[in-house]
2 protein chains.
Amino acid sequence: MTTVEKDKKIPQYRQLYEILRKHILEGIYKEGDLLPSENELCIIHSMTRPTVRHALSDLVNDGFIKKQKGKGSIVHQLPKGIGILSVAGTTSALSGQNLETRILVKPNVKQWADPFMFNLSEAEKDSGCIYMERLRLVSRKPLFYDITYIPNINLPRFTSRSFVNKSLFDTLRRFYQIEVKGGEQKLRTISANKKIGKYLEVPAGQPILHLERKIDTNRVGFCFYSSLYCNTEDHALFGIF
Amino acid sequence: MTTVEKDKKIPQYRQLYEILRKHILEGIYKEGDLLPSENELCIIHSMTRPTVRHALSDLVNDGFIKKQKGKGSIVHQLPKGIGILSVAGTTSALSGQNLETRILVKPNVKQWADPFMFNLSEAEKDSGCIYMERLRLVSRKPLFYDITYIPNINLPRFTSRSFVNKSLFDTLRRFYQIEVKGGEQKLRTISANKKIGKYLEVPAGQPILHLERKIDTNRVGFCFYSSLYCNTEDHALFGIF
DNA sequence: TATATAAACTTGTATTTACAAGTATTTTAT
DNA sequence: ATAAAATACTTGTAAATACAAGTTTATATA
C-alpha cells in the first residue's frame, strides 16, 4: 500500500496526465497516433469520464495532444523543453544528454532591484530576495542566460543547495513542496551588450530575445521571477496558444 | 425567441465566458476584484457548477482571472490584445482608438513558398494559398508587419473582401463560420533588413521579433499561417502560461 | 479584550447519468 | 459492385450530487 499512500494526495486526473505525458515523451504514443478513447482510459485506469477528460484537457493546454470530436485524442509531439520553455532545434533534436546548466552566480540573499520588472508586494520587498545567475547550454553552446529572483520567505538552507544540472523547479518541488502553476511573461528583443555577448558567446549588437517572467506557485502569494536572455540563432522558442 | 434561437448552438459555458470576459474588459470587474462565487454564478445564470467551472477554467487559461482555493476567482487585468497577441505598452495604455490596420498587399491567390515555415498537407499544397501583407499601427507607429497565408479551400469571394481596420478573425468567423481554436508559434529574433526596416520605420539592423505561427480552426484540417515581424522597442509582447 | 474554536463559505476533486453531434464502420438496398 | 442507410463509436455539453480542503467570518471561551 506504499505506492497508494505516496500518491494519496495527488489527484487522479493529475496521475493520468503524468502517465500519458510520459508515454508521449517516451514515444510510446507517436505524433499523429490516437490515444485510447476516453471510455477505454476510464476502464484502464478505473476512473470516470470527467476525471479522464480533466487530464486530457490539461494535455491539450500543454500542447501534447489535440482533440477532434468524433475521432479521438491525437498526439501532437512537441520539442523537448527547458523548464517551462520549449525549444525547437533547427539543426539537431534536443535531448537531455547535451543539455548543461552552469552556475554563474551562486544563490545569495540580496535586496530587490528598484525598480523591478514586476510589481512587488510589501511582504516580498521586506524579505529581500535570493539572487542567482545561470547559463543553459545545448550541445556546448550557450542558449539561455537566466537571472532568477526568489523571495526569501521560508526557504531554509536554500542558498546552500546545488543547482548544477538540476532544475530549479524540481528543487522547489522536492524540498519545499512548491509547485509551479503558471505565470506571465513579457517578450522583447534587444541588442546584446558586452556582458550578455560574453555569456552567450555572440558579438555585441546581435539581436537577443529578452523574457521577463513572473512565475506563480501553489503557495499563495509566493511567486518568483526570471530575467532570461536567449540566443535564437540556432533554436527558436516554441509555444502554443 | 430570436435571441434564444441565435444562441441555440452556443454552449452555456461559452456564453458565460463571453459575458464575464466582456465585464472584465469593460472594467465592471477591476483588477484584484473577486468575481461572484461559483454558486452565485450558478444562481444568476441558471447553470450548474460544472458548467460555471468550465467557463471559469477557460478564463483562467486565457489569463483573465486566477483562482484561489477557499477564496474565489480574482480578476487579473491584462493588456489589450491585437488578434491573439497581447501587447503591453511601456508608455501609454493601448486602446482600440489608436489602433490602425493598413493593407500593404491585397489578398491574392499564389503558390505556397517552398520551403514553407510549417509542413503542409497535400490538400493545402494543391489548392494554393491566399496571400496578404498588412501593417498594424499603434498611435501612428508601425508595430507589426504581418504576412498571412490562407489555404484557398472553399472561401468564395475572399480576395475581394476588405480588411482595413477589420480583424481577419472576425471576417473568417462572420462570412465563413471559421473559429480560431489555437495554434503554435516559433519565436526568433532577427536584425531588420531594408524591407522590414522600411515598413516598421526602424533603421536596418535593429533587433526585431519574428513569429512564425500556425493557427488552427474549428474546420478540420483547415489552418492558416502568419509570419509576423514585431518592433518591441516601445511595446513588449505579453503572454501567460 | 484577546485568543481559540466553531461555523459558514469558497474552490477542488470525483462519481453517475443522459443526451447531442461528429466520425467511422457495417449493413442493406439498388 | 456501388451507393445509401443504419449502426457503433467517439468526443462535447450538461445536470445533480457528494465530500475534501482552504479561507473568512462569527462565536464562544479564557
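Chain A is the first sequence line, chain B the second, and so forth, proteins listed ahead of strands; every chain is numbered from 1. Excluded from the calculations below are hydrogen atoms, water molecules and symmetry mates; all remaining heavy atoms, backbone and side chain alike, are included.
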- Note on the structure: Ordered by number, residues from residues 30-38 of chain A within less than 4.0 Å of DNA chain D (heavy atoms) are A/S37, A/E38

- Among the candidates C/dA14, D/dA14, D/dT11, find the nucleotide nearest to the side-chain atoms of B/Q12. D/dA14

- Query: Does B/Y13 make a side-chain N or O approach to OP1 or OP2 of D/dA14 shorter than 4.0 Å?
  - Reply: no

Length of the line joining [X]:[atom1] and [N]:[atom2], which is rounded to integer Å:
X: B/H54; N: C/dA14; atom1: NE2; atom2: C1'; answer: 17 Å
X: A/L41; N: D/dT11; atom1: CG; atom2: C1'; answer: 12 Å
X: B/R53; N: D/dA15; atom1: CZ; atom2: C1'; answer: 15 Å

- Message: Keeping A/T217 on the side-chain end and A/F222 on the backbone end, is there a donor-acceptor pair under 3.5 Å?
- Response: yes

- Message: Let me spell it out: for each of A/S73 and B/S46, pick the nucleotide of DNA chain D with the closest heavy atom. Which residue's pick is nearer the 5' end?
- Response: A/S73

- Task: May I ask you to check whether B/Y149 and B/Y131 place their ring centres under 6.0 Å from each other?
- Result: yes

- Note on the structure: salt bridge (Lys or Arg N to Asp or Glu O under 4.0 Å) filter on B/K67, not counting sequence neighbours, yields B/E38

- Those residues that, when tested against B/E133, pass salt bridge (Lys or Arg N to Asp or Glu O under 4.0 Å) (two or more places apart): none

- Message: Using the ring-ring contact (aromatic ring centres under 6.0 Å, His included) criterion, which residues pair with B/Y13? Sequence neighbours excluded.
- Response: B/H54

Filtered N/O pairs between nucleotides 17-22 of chain D and protein, under 3.5 Å:
from   : atom 1 : to    : atom 2 : distance (Å)
D/dG22 : N2     : B/G70 : O      : 3.3

Side chains of residues 18-31 of chain A: which donor-acceptor partners sit under 3.5 Å, not counting sequence neighbours?
from  : atom 1 : to    : atom 2 : distance (Å)
A/E18 : OE2    : A/R14 : NE     : 3.4
A/E18 : OE2    : A/R14 : NH2    : 3.2

